[in-house]
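Below: one structure, written as structure tokens.
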Amino acid sequence: MPSASQPIATDMIHAHNDVRSRHARNDYEHLGEQLARRHVDIDKIRAKVADFGVAIPSWGVGTGGTRFARFPGTGEPRHVFDKLQDCAVVHQLGRATPRVSLHIPWDRCNDWSELRETASAHGLSFDAMNSNTFSDQKNQPLSYKFGSLSHVDPATRSQAIGHNLECIDIGLRLGSKALTVWIGDGSNFPGQQHFRRAFDHYIESSRAIHAHLPEDWKIFLEHKICEPAFYSTVIQDWGSSLMAAQAIGAKASCLVDLGHHAPNVNIEMIVARLIASGRLAGFHFNDSKYGDDDLDAGSIAPYRLFLIFNELVSAAHEGIAHFDPAYMLDQSHNVTDPIESLMTSAAQVQRSFTQALLVDRAVLDAAQDANDALAATQLLKQAFETDVTPILQVVRMEAGGAIEPVAAYRAAGYRASMAQQRPTVSAAGGGIV
Ligand code: AFD
Ligand code: MN
Ligand code: MN
């Protein structure tokens, strides 16, 4: 029977795995032989993968939408407790997402202690808090239409700072240790905003937030090339973000959302620069074809995701100082069951991490030192083209998850059961939540 901590009946998962485990183990042994020929110990890789986790966004379990429309699915979560239960399903089957990143005010509730206890009962804890000064809330005294932390009006800036301080205070009650700040501040016309003054306002406001951070907290500054402002944004690129982090304080670092860059930008090179600066906060993983599309991680450009992990695994291998990135999915599930997309995307991020672990760093260094471009790139392609599915399946199975999470999820009939319990929501309105 399902329970609070196990929304999917564990006997169903066991039955699911029983008919698949022999093949999974055989495939694992076979891959182990292949990797041994490359002097790679599969069991050591598996141990690292078992420790890997990526946080999921609370807003990701609700059907997303675009500015044109939102087409809700069935059994949509009604509030943050429903969201936590859906996040628990993702983690129970996939075993790679033990932490949830909340968004305030979207996840506001009346009893934060009850929320923390509920999360703990689900085997979940809380990752970075996300503030929201990119939209106005009901009865909000001052509007963010012309910005928030960088607004020309000090009273509006103060209101936006206050909201971020509240997010920190809520996060403290939940055991979170970080605040992610993404603002929509910018301009739609040349001349509308004084670029340097707006940036200075943002720095001054963010220093006030930074001063409120508990000793063991961090503040992640999330840059984005455009949207909702379409001529300029205050924290537009990694350069603005790095300048801001260095000006704001030691707890500030730069968060890389994969959808937030100018077209064709080399994101893995940006990651290398932020690692070198000691200011890489972490990631919002997703994929995109044209902009901040928030598509499922690795669904369009899996090699790009692998190359990002190649930089991350290389930095960890070299013991780079201040290297402790936070990993989170940030996707909008408009046409899939959000739980299926989140499980699949978490596994894709895990896959890229696993493949990057297969690269022999000494051999790559030697090829680079010898200017042997072909050997170097073939080393990366060999790792990327290695099917590490058996490792992911064994890690999931050994952690009590499902060998094939989507198949198990569909067999459990969770969505249909939620559709019985949760009323259908109207399709009115657009936006990602
Ligand atoms: C939007 C923004 C940004 C932010 C997310 C949650 O583009 O990625 O992290 O909303 O606030 O996707
Ligand atoms: Mn993001
Ligand atoms: Mn985004």
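Ligands are counted one by one from 1 in listed order, and the atoms in each one are counted from 1 as well. Bear in mind the structure is a predicted one, so any value in this text is a computation, not a measurement.
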Task: For the Mn ion (ligand 2): the N/O/S atom of Asp257 at shortest distance - done: OD2
Open item on the list: Within the supplied structure, the quantity of interest is the number of heavy atoms (other residues, nucleotides, ligands) at a distance under 6.0 Å from His322 NE2; does it exceed 12?
Closed with: no
Task: ligand 1-proximal atoms of Asp257, by part, heavy-atom distance under 4.0 Å - done: side chain
Open item on the list: Working to the nearest 0.5 angstrom, can you tell me the gap between Ile168 CD1 and Glu166 CD?
Closed with: 11.0 Å
Open item on the list: Could you check whether Glu204 pairs with Arg157 (Lys NZ or Arg NE/NH1/NH2 to Asp/Glu carboxylate O, under 4.0 Å)?
Closed with: yes
Open item on the list: Counting only heavy atoms from other residues, nucleotides and ligands, does the tally under 6.0 Å from CZ of Arg361 exceed 12?
Closed with: yes
Task: Lys/Arg N to Asp/Glu carboxylate O, Lys224 vs Asp257, below 4.0 Å - done: no
Open item on the list: Under a 4.0 Å threshold between the charged nitrogen and the carboxylate oxygen, would Glu76 count as salt-bridged to Arg415?
Closed with: no
Open item on the list: I'd like the atom name of the N/O/S atom in Asp330 lying closest to the Mn ion (ligand 2).
Closed with: OD2
Task: N, O or S of Asp292 under 2.8 Å from the Mn ion (ligand 2) - done: no
Open item on the list: Taking 4.0 angstrom as the limit and counting only heavy atoms of Lys224, give me the atoms of ligand 1 inside it, by number and element.
Closed with: 2 (C), 7 (O)
TODO: Within a distance under 4.0 Å of any heavy atom of Asp292, pick out the atoms of ligand 1 and give their elements.
DONE: 7 (O), 12 (O)
- [ ] Could you tell me whether Thr180 approaches ligand 1 through its side chain, its backbone, both or neither, with non-hydrogen atoms closer than 4.0 Å?
- [x] neither
Task: Minimum-distance N/O/S atom that Glu222 presents toward the Mn ion (ligand 2) - done: OE2
Open item on the list: When you measure from the heavy atoms of His260 to every atom of ligand 1, does any distance fall below 4.0 Å?
Closed with: yes
Task: Under-4.0 Å salt bridge between Glu404 and Arg396 - done: no
TODO: Between His284 and ligand 1, find which residue part has any heavy-atom pair under 4.0 Å and reply side chain, backbone, both or neither.
DONE: side chain
Open item on the list: As an exercise, identify every atom of ligand 1 less than 4.0 angstrom from a heavy atom of Asp294.
Closed with: 12 (O)
- [ ] Mark yes or no for whether Arg422, through its side chain, and Gly75, through its backbone, hold a donor-acceptor pair below 3.5 Å.
- [x] yes
- [ ] Decide whether an N or O pair under 3.5 Å exists between Trp106 and ligand 1.
- [x] no
- [ ] Please check if the side chain of Asp287 supplies one atom and the backbone of Ala301 the other of a donor-acceptor pair under 3.5 Å.
- [x] yes
TODO: Would you mind listing which atoms of ligand 1 come within a distance below 4.0 Å of any non-hydrogen atom of His103?
DONE: 6 (C), 11 (O)
Open item on the list: Quick check: of its N, O or S atoms, which one does His284 have closest to the Mn ion (ligand 2)?
Closed with: ND1
